[in-house]
Amino acid sequence: MAHRYTSDLTRDDVTPKSLFLNRRQIMAGAGGVLGAGLIGWAARAQDALEPNTLEEITTYNNYYEFGTGKSDPARNAHMLTTSPWSIEIDGMVDNPGTWSFEQVVEGMTMEERIYRFRCVEAWSMVIPWNGFELADLLARVGVQEGARYVAFETALRPEEMPGVRVPVLDWPYREGLRLDEAMHPLTLLATGLYGEDLPNQNGAPIRLVVPWKYGFKSIKSIVRITLTDEEPPTSWNMSQPREYGFYSNVNPEVSHPRWSQASERVIGGGLFASRQPTLMFNGYEDEVASLYEGMDLAEFF
Ligand SMILES: Nc1nc2c(c(=O)[nH]1)N[C@H]1C(S)=C(S)[C@@H](COP(=O)(O)O)O[C@H]1N2
Ligand SMILES: [Mo]
C-alpha cells in the first residue's frame with residue numbers, strides 16, 4: 001500500500017457547488033488575507049478539503065479501547081496485533097465464513113478518497129483515506145433477500161487494549177448501517193491513509209468510513225460483519241440512547257442534548273481555521289439526502 005490510488009470521485013463530486021469557490025478569486029476580492037470576516041468563511045469552506053496533516057490525523061483520535069483521552073490511542077494502539085487478521089462475515093449472506101484480511105482486500109478496487117470527517121463532539125478534520133467500497137465486498141459475499149441491515153464489531157482483546165478494562169461502553173464496540181447506507185458508493189472500508197497502511201490508532205487494519213455520519217459510526221479494527229433483517233444494537237446508542245441515535249447523520253439543525261451541532265472546531269489549520277459552520281450531511285447532501293426521503297430527521301437522529 002505504498003502508492004496513492006486514483007479515485008473516480010473527484011473533489012467536485014464531494015463538495016457542495018455553492019461552496020466550491022476559487023481561493024485566488026476570493027483573496028483578490030478581499031484585497032488580501034486581512035479581508036472581511038465573510039470572506040474568511042468562504043475561504044474556510046473552500047479549504048475544507050485540504051487534508052489535515054498525518055501528524056494531526058494520527059495524534060488526535062477517539063479509540064476508547066485504548067483510553068478515552070485524545071492522545072491515548074497514539075500512545076497505546078501499538079499494542080494491537082493487526083497481522084494476522086481475520087473477519088467473520090455471517091448472517092444473511094450466500095458465502096458466510098472467516099476471511100483473512102488478505103482475502104477481503106484481494107481483487108477490491110482501491111481508491112483514495114478525501115473525505116470530511118465530523119465527530120459528534122463538534123470537531124472536524126479532512127482525511128485522505130485509501131480503501132474500497134463496502135458495496136463491492138457485500139456483492140462478493142452475496143447479500144440474501146430480506147437482509148436490511150449490516151452490523152459491525154471491533155476486536156475485543158483485553159490483553160492488548162487497556163481501555164476495555166474500564167466499562168465506558170459495553171464492549172465489543174458495535175456499529176451498524178441500514179443496507180442502503182452500506183451499499184452507498186460513499187461508504188468505504190479503509191485500509192490506509194496518505195497512501196500508507198492504516199495506523200493502529202486510526203483503526204488498523206480495516207475500518208469503516210461513512211463521511212455523512214458522525215464519526216462514531218465509522219467503526220475501527222473490524223472483526224465481524226453480519227447481515228441481518230433487524231436494526232442491530234450499536235454501542236453509543238446502547239450507552240446513551242437519548243444522545244446518540246442509530247442514524248446519527250450530521251445535521252447542524254439538530255442539537256446534541258448537551259451542545260449545538262451548528263458549527264465545528266477545525267483541528268489544525270492556519271490563520272482563520274478555528275471554527276466553521278457544519279454542513280447538512282457533512283457536505284454530502286446531494287449524494288445521500290434521497291436515502292432519507294420522508295423521514296423526520298429530527299426524530300431519527
Ligand atoms: N472501535 C472503535 N471505533 C471507533 C471509536 C472507538 O472508540 N472504538 N471511536 C469513534 C469515534 S467517536 C470517532 S470520532 C472516530 C475517530 O476516528 P479517527 O481517530 O480515525 O479520527 O472513530 C470512531 N470509531
Ligand atoms: Mo466521535
Side-chain angles (χ1 to χ4, degrees), residues 51-77 79-80 82 85 87 113-131 151-158 160-177 187-194 196-225 233-240 243-245 248-250 256 258-259 261 264-268 278 282:
N52 280 83
T53 65
L54 183 63
E55 168 84 8
E56 288 156 0
I57 295 168
T58 57
T59 58
Y60 190 92
N61 300 99
N62 277 332
Y63 197 166
Y64 277 18
E65 287 87 334
F66 295 99
T68 54
K70 292 289 181 278
S71 53
D72 289 341
R75 193 165 36 242
N76 297 326
M79 292 187 243
L80 183 67
T82 60
W85 192 267
I87 302 181
R113 297 276 182 96
I114 301 171
Y115 281 161
R116 291 186 197 83
F117 190 90
R118 170 60 155 85
C119 175
V120 74
E121 298 162 338
W123 53 264
S124 72
M125 297 195 197
V126 174
I127 304 183
W129 303 106
N130 308 98
F152 305 86
E153 242 177 66
T154 295
L156 175 55
R157 299 189 194 152
E160 296 185 357
M161 297 172 150
V164 304
R165 291 170 209 151
V166 188
V168 267
L169 289 170
D170 180 9
W171 313 108
Y173 195 100
R174 275 160 280 182
E175 261 307 334
L177 295 172
T187 302
L188 208 66
L189 281 174
T191 56
L193 61 85
Y194 268 116
E196 303 287 346
D197 289 350
L198 208 54
N200 283 9
Q201 58 266 43
N202 295 93
I206 186 165
R207 62 92 57 88
L208 186 68
V209 180
V210 193
W212 72 92
K213 291 177 179 285
Y214 292 119
F216 67 86
K217 298 294 294 182
S218 292
I219 182 173
K220 296 178 170 181
S221 308
I222 295 168
V223 293
R224 189 170 180 192
I225 300 176
T234 56
S235 291
W236 279 103
N237 178 252
M238 285 188 281
S239 163
Q240 290 170 80
E243 301 196 0
Y244 308 104
S248 290
N249 293 315
V250 175
H256 182 279
R258 292 183 279 129
W259 58 84
Q261 296 290 21
E264 62 205 37
R265 183 168 56 90
V266 178
I267 302 301
T278 289
N282 203 26

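Remember, it's a predicted structure, so these values are computed and weren't measured experimentally. All ligand and atom numbering here is 1-based and tracks the order in the structure.
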Exercise for the section: Could you tell me which atoms of ligand 1, counted from 1 in the order shown, lie closer than 4.0 angstrom to a heavy atom of Ser218? Expected result: 22 (O), 23 (C), 24 (N)

Practice task
Determine, using ring centers only, whether Trp129 and Tyr194 are less than 6.0 Å apart.
Solution key: no

Exercise for the section: State whether the side chain of Tyr244 and the backbone N or O of Ser239 hold a donor-acceptor pair below 3.5 Å, judged by distance alone. Expected result: no

Exercise for the section: Number the atoms of ligand 1 from 1 as they appear, then name those within less than 4.0 Å of a heavy atom of Thr154, with their elements. Expected result: 1 (N)

Handout entry: Taking atom 9 (N) of ligand 1 as the reference point, the nearest protein heavy atom with its distance
Key = Asn62 O, 3.2 Å

Exercise for the section: Output all residues satisfying ring pair (Phe, Tyr, Trp, His ring centres under 6.0 Å) with Phe152, sequence neighbours left out; order by chain, then residue number. Expected result: none

Problem - Distance-only N or O hit between ligand 1 and Tyr60, under 3.5 Å - result: no

Fill in the blank from the handout: Tightest non-hydrogen contact, residues Ser235 and Pro172, listed as OG-O, 3.7 Å

Fill in the blank from the handout: min-distance protein heavy atom vs atom 7 (O) of ligand 1 -> Tyr64 N, 2.8 Å

Practice task
Check ligand 1 against Cys119 and write out every atom of the ligand that is under 4.0 Å from a heavy-atom position of the residue.
Solution key: 14 (S)

Problem - Tyr63, Tyr173, Phe117, Trp123: member with heavy atom nearest to atom 10 (C) of ligand 1 - result: Tyr173

Handout entry: Proximal atoms of ligand 1 relative to Arg207 (non-hydrogen, under 4.0 Å)
Key = 15 (C), 17 (O), 20 (O), 22 (O)

Problem - No-hydrogen, no-angle side-chain donor-acceptor test under 3.5 Å, Lys220 and Asn202 - result: no

Handout entry: Flag side-chain contact, heavy atom, 4.5 Å: Phe117 against Trp123
Key = yes

Exercise for the section: Look only at interatomic distance and state if Asn202 has a nitrogen or oxygen under 3.5 Å from any nitrogen or oxygen of ligand 1. Expected result: yes

Practice task
Check whether any side-chain heavy atom of Ile57 sits under 4.5 Å from a side-chain heavy atom of Leu193, and report yes or no.
Solution key: yes

Practice task
Run the numbers for me: atoms of ligand 1, each under 4.0 Å from some heavy atom of Glu65, listed by number.
Solution key: 1 (N), 2 (C), 6 (C), 7 (O), 8 (N)

Handout entry: Closest approach of any protein heavy atom to atom 3 (N) of ligand 1, naming residue and atom
Key = Lys220 N, 3.2 Å

Exercise for the section: Answer yes if the side chains of Tyr63 and Ser221 hold a donor-acceptor pair under 3.5 Å, and no otherwise. Expected result: yes

